[in-house]
Amino acid sequence: MLKLFTTFFNIGMFTLGGGYAMIPLIEEEVVNQKHWVSKDEMLDLIAIAQSCPGVFAANISIFVGYKLRGVRGAISACLGTCLPSLLIILLIAMFFHRFQDNPVVAAIFRGIRPAVVALIAVPTFNLAKSAKITWATCWIPIAGALAIWLLGVSPILIILLAAIGGYVYGKMIKPTE
């Protein structure tokens with residue numbers, strides 16, 4: 001229980017950019033170092049965590065904690081993930097009003113933004129490789145993203161259509177792999 005808590009606490013403490021930026025750290029810890037879940041299970045956890053309401057990283061930590069230690073493990077892992085953010089936000093809220101107009105602080109935040117984008121982009125490409133997305137199939141996530149962004153299509157509809165399409169493809173076409 002303590003190992004679950006400290007692992008996710010450390011991930012939560014040293015990750016800027018939110019849940020998606022945490023993916024590489026979570027994957028490194030729970031898949032590569034501690035072998036708590038397999039790479040395929042991690043891919044499934046990411047898909048499920050994105051589909052569930054709530055904070056992405058907390059959802060993943062709950063699933064991993066539950067797999068390892070049941071409800072108590074889920075609570076321990078979730079607290080480990082969320083507690084650092086809560087503490088940091090409380091500290092920032094207490095002192096930020098004094099520094100918000102400081103040009104150095106503003107420059108720091110402008111510098112952090114591109115790094116956060118990179119932290120989100122890297123796991124996206126790694127997930128694409130893990131999901132076996134190729135040049136022949138990359139049009140699917142691109143079309144889904146464009147439909148959401150440009151046409152305002154509900155992400156839920158995209159997920160449902162993708163699930164139906166995957167089922168039909170798997171049952172009717174029976175890909176050769």
Side-chain angles (χ1 to χ4, degrees), residues 1-93 96 108-138 140-142 144-145 148 155 158-159 162-163 166 170 175 177:
M1 298 293 269
L2 184 60
K3 189 121 176 147
L4 267 170
F5 177 83
T6 56
T7 297
F8 282 101
F9 187 88
N10 288 333
I11 290 169
M13 190 68 169
F14 298 106
T15 306
L16 296 173
Y20 293 103
M22 289 180 166
I23 292 173
L25 290 174
I26 293 171
E27 186 172 2
E28 179 61 29
E29 283 292 319
V30 304
V31 175
N32 299 336
Q33 289 186 12
K34 295 189 174 49
H35 306 288
W36 288 342
V37 297
S38 70
K39 195 151 183 76
D40 286 341
E41 286 175 314
M42 183 68 184
L43 186 62
D44 292 341
L45 288 177
I46 291 169
I48 292 168
Q50 288 175 325
S51 303
C52 292
V55 179
F56 178 76
N59 289 343
I60 289 180
S61 67
I62 289 168
F63 293 135
V64 171
Y66 187 80
K67 178 185 180 203
L68 297 176
R69 298 279 188 249
V71 173
R72 291 180 6 173
I75 292 169
S76 178
C78 185
L79 282 174
T81 301
C82 297
L83 194 57
S85 297
L86 175 68
L87 296 175
I88 291 168
I89 289 170
L90 283 175
L91 285 171
I92 289 172
F96 187 68
I108 289 170
F109 280 108
R110 279 193 307 274
I112 289 173
R113 287 182 195 136
V116 170
V117 171
L119 287 171
I120 293 170
V122 168
T124 301
F125 290 116
N126 289 339
L127 285 172
K129 283 190 339 190
S130 296
K132 297 178 177 73
I133 293 176
T134 64
W135 287 110
T137 59
C138 71
I140 298 169
I142 292 170
I148 293 167
I158 298 294
I159 291 169
E177 286 188 26

Query raised in the report: For Lys3, does the NZ atom have more than 12 heavy-atom neighbours from other residues, nucleotides or ligands under 6.0 Å away?
Result: no
Requested in this report: Examine distances only and state if a side-chain atom of Lys34 and a backbone atom of Leu4 form a donor-acceptor pair shorter than 3.5 Å.
Outcome: no
Requested in this report: State the CD-CG distance between Glu41 and Leu43, to the nearest 0.5 angstrom.
Outcome: 11.0 Å
Query raised in the report: Do you know the tightest heavy-atom contact between Glu29 and Thr7?
Result: OE1-CG2, 3.8 Å
Query raised in the report: Quick one: which of Leu45, Leu68, Val37 gives a side chain to side chain contact (heavy atoms under 4.5 Å, CB included) with Phe63?
Result: Leu45
Query raised in the report: If you round to the nearest 0.5 Å, how far is OG of Ser85 from CZ of Phe9?
Result: 9.5 Å
Report task. Report yes if the side chains of Leu79 and Phe8 come closer than 4.5 Å at any heavy-atom pair, otherwise no. Result -> no
**Report entry** Student check: side-chain heavy atoms of Ile88 and Met13 closer than 4.5 Å
**Finding:** yes
Requested in this report: Would you indicate whether the side-chain heavy atoms of Ile46 and Glu27 approach each other to under 4.5 Å?
Outcome: no
Query raised in the report: Hey, does Val71 have a side-chain heavy atom less than 4.5 Å from the side chain of Tyr66?
Result: yes
Query raised in the report: Roughly how far, to the nearest 0.5 Å, is the CD1 atom of Ile11 from the OG1 atom of Thr6?
Result: 9.5 Å
Requested in this report: Hey, could you give me the CZ/OG1 distance between Phe5 and Thr81, rounded to the nearest 0.5 Å?
Outcome: 9.0 Å
Query raised in the report: How long is the span from the CD1 atom in Ile23 to the CD1 atom in Ile60, to the nearest 0.5 Å?
Result: 5.5 Å
Requested in this report: Please name the pair of heavy atoms, one in Ser76 and one in Met1, separated by the smallest distance, quoted to 0.1 Å.
Outcome: OG-O, 3.0 Å
Query raised in the report: Is Ser61 reaching over with its side chain to a backbone N or O of Ala58, donor-acceptor style, under 3.5 angstrom?
Result: yes
